[in-house]
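What follows is one structure encoded as structure tokens, with my remarks underneath.
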Amino acid sequence: MDKVEKEVCKILKGILTTSEQITLKSDLRDDLGMDSLNLMTLGIELANKAKVDVLKVSTEIDLMNIYTVEDVVTLYRQIKEDKHFKVHE
Amino acid sequence: MRIDVHTHAAFWKLYPQEFIDFISENIGDIPITNVEEEVKKLFVRNAIMQMLSDERADKLIKQMDEAEIDISVFHILDFGYEMANDNYSIEEIYEYHHILLNSLKKRAIVFAGIDPRRGKKGFSLFCKGIEEYGFKGLKLYPPCGFSLTDACVVPFYEYCNSHKLPILIHTGSTFSRFDEKSSVEKEKVMEIANRYPYVNFILAHAAFFDYRNSVELAKRYDNVYLDLAGFQNEPDLDIVLEKINYVVGLVPEKVIFGTDWPMFVGRGKQKKWVDIIEEHVCTQVNLKRLIFSDNFLRLIDGGKNGQSRKRSM
């Protein structure tokens, strides 16, 4: 796993209570038991860790439409790299 | 062929703000302490709006393809009579569904939802939906504040009876605003099922919620059917299967597959719901055909798409 993938796994472990091993292929709902509340929590945590605009993430990313850990990694890379999500000082 | 008999367009302009707020509030409290409560609330509300941004049903079609669902039946929800809808009027909601139907062609069927308390104007719009827009049935949502046996519903029943149109009726729980209002009672269903023999009534969610009473109705009346939508609300798969297999075991020719899209997108994809029913309930090819297509096809277009059931009225 690369640095970003490890970061995502750490964030997920902080949210979930499952002892299930987290892999890139893990299904957030079926394997890790995530519900809508967990998905919202995940969205805020990702935005916080990436130091980007939390509300911009919620208006532009469909969190209900992410299904696997791999999807979360892709999303995390996107919000970290896309200047559009940066907080304007 | 696979048909999902119970879906709604996931587009925010179709719904009153109060309904969207209810969905947002129902998500629960986010357990993060270093973010202001107001920001967390806004975050959830924005995320729900994102979920309801599927104006052209692209997300649904993608999931239908993945689940090999050929047709989704869209039900218009008319909450605007009871709650102010600052977005679309009921006329605009009908026009939206007409456009959607034309763009999705054979992948969609629309049932014209209307609050019967809208009177003559509402009735005219409903007729326009059927006669001009090509909608195939009526959707009733009694918890809005009317009863199935109220006089205002009679013209709709009579129209559906003479045109052999099916009616899907919401049953079971609803959102808090409506909790104290009219709920669907068994006796009222019996009364209308008797009085309007050419209307096939689909009791939404009834193959799961209040399933024992629902089975009795479906056994007793040729024109009462039950849809499965809402079974995703139960997290314990064993309980889901126990209830559904009970219903399917007794009235296999009356149960119809439905998902209530987009209400359960947070819990899984359309394919997941298809797989659960197909792998654990429809273990025989014949049963799969009945639940995923034939039981519903018998009900639309006056039964032209399937063998009509003999009536014993």
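Residue numbers begin at 1 in each chain, while the letters A, B, ... track the order of the sequences. It should be emphasised that the depicted structure is a prediction, and the values quoted were computed from it without experimental measurement. These numbers come from the heavy atoms of this one structure, side chains and all, not from hydrogens, waters or symmetry mates.
Contacts between B:Asn34 and chain A at a heavy-atom distance below 4.5 Å involve the side chain alone, from C-beta outward. Both the backbone and the side chain of B:Val44 have a heavy atom closer than 4.5 Å to some heavy atom of chain A. Residue contact with chain A, scored on non-hydrogen atoms closer than 4.5 Å, involves the side chain of B:Ile32 exclusively. Residue B:Met49: no heavy atom, backbone or side chain, is found under 4.5 Å from chain A. A:Asn65 touches chain B through its side chain: at least one heavy atom from C-beta onward sits under 4.5 Å away, while N, CA, C and O do not.
Salt-bridge annotation for A:Asp27 and B:Lys272: absent, with no side-chain N of the basic residue lying under 4.0 Å from a carboxylate O of the acidic one. Using a cut-off of 4.0 Å between Lys/Arg side-chain N and Asp/Glu carboxylate O, B:Lys243 and B:Glu234 are scored as not salt-bridged. Between A:Glu5 and A:Arg77 there is a salt bridge, since at least one side-chain N of the basic residue sits less than 4.0 Å from a carboxylate O of the acidic one. Under 4.0 Å is where a charged nitrogen must lie from a carboxylate oxygen, and between B:Arg45 and B:Asp21 at least one such pair does.
Contact between B:Phe74 and B:Ala9 at its shortest, heavy atoms only, is CD2-N, 3.6 Å. B:Phe209 and B:Gly230 get closest at one heavy-atom pair: CZ-O, 3.7 Å.
For the atom pair A:Lys25 NZ and A:Thr68 OG1, the distance stands at 7.0 Å (nearest 0.5 Å). If you take CE on B:Met83 and CD on B:Gln17, they are separated by 11.0 Å, rounding to the nearest 0.5 Å.
When each of A:Ile15, A:Asp30, A:Leu28 is checked for heavy-atom pairs under 4.5 Å with chain B, A:Asp30 comes out on top. When each of A:Leu63, A:Val57, A:Ile66, A:Val54 is scored by its heavy-atom pairs under 4.5 Å with chain B, the top score falls to A:Val54. Interface summary for chain A: among B:Pro262, B:Ala47, B:Pro235, the most heavy-atom pairs under 4.5 angstrom belong to B:Ala47.
Within 6.0 Å of NZ on B:Lys288 lie no more than 12 heavy atoms contributed by other residues, nucleotides or ligands.
Applying a 4.5 Å heavy-atom cutoff, the residues of residues 52-73 of chain B that approach chain A are B:Lys59, B:Gln63. Using a 4.5 Å cut-off between non-hydrogen atoms, the part of residues 39-51 of chain A that approaches chain B consists of A:Leu39, A:Met40, A:Thr41, A:Gly43, A:Ile44, A:Glu45, A:Asn48.
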Quick one: do A:Lys10 and A:Glu7 satisfy salt bridge (charged side-chain N to carboxylate O under 4.0 Å, His left out)? Show the steps, please.
CA-CA 5 Å; A:Lys10 196 176 167 192; A:Glu7 265 185 87; over 6 Å; no
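By the 30° and 60° cut-offs, the orientation of the rings of B:His6 relative to B:His205 is tilted. The aromatic rings of B:Phe11 and B:Tyr96 lie parallel to each other, their planes meeting at an angle below 30°, with 60° marking the opposite boundary.
Checking side-chain atoms of B:His97 against main-chain N and O of B:His75 turns up no donor-acceptor pair under 3.5 Å.
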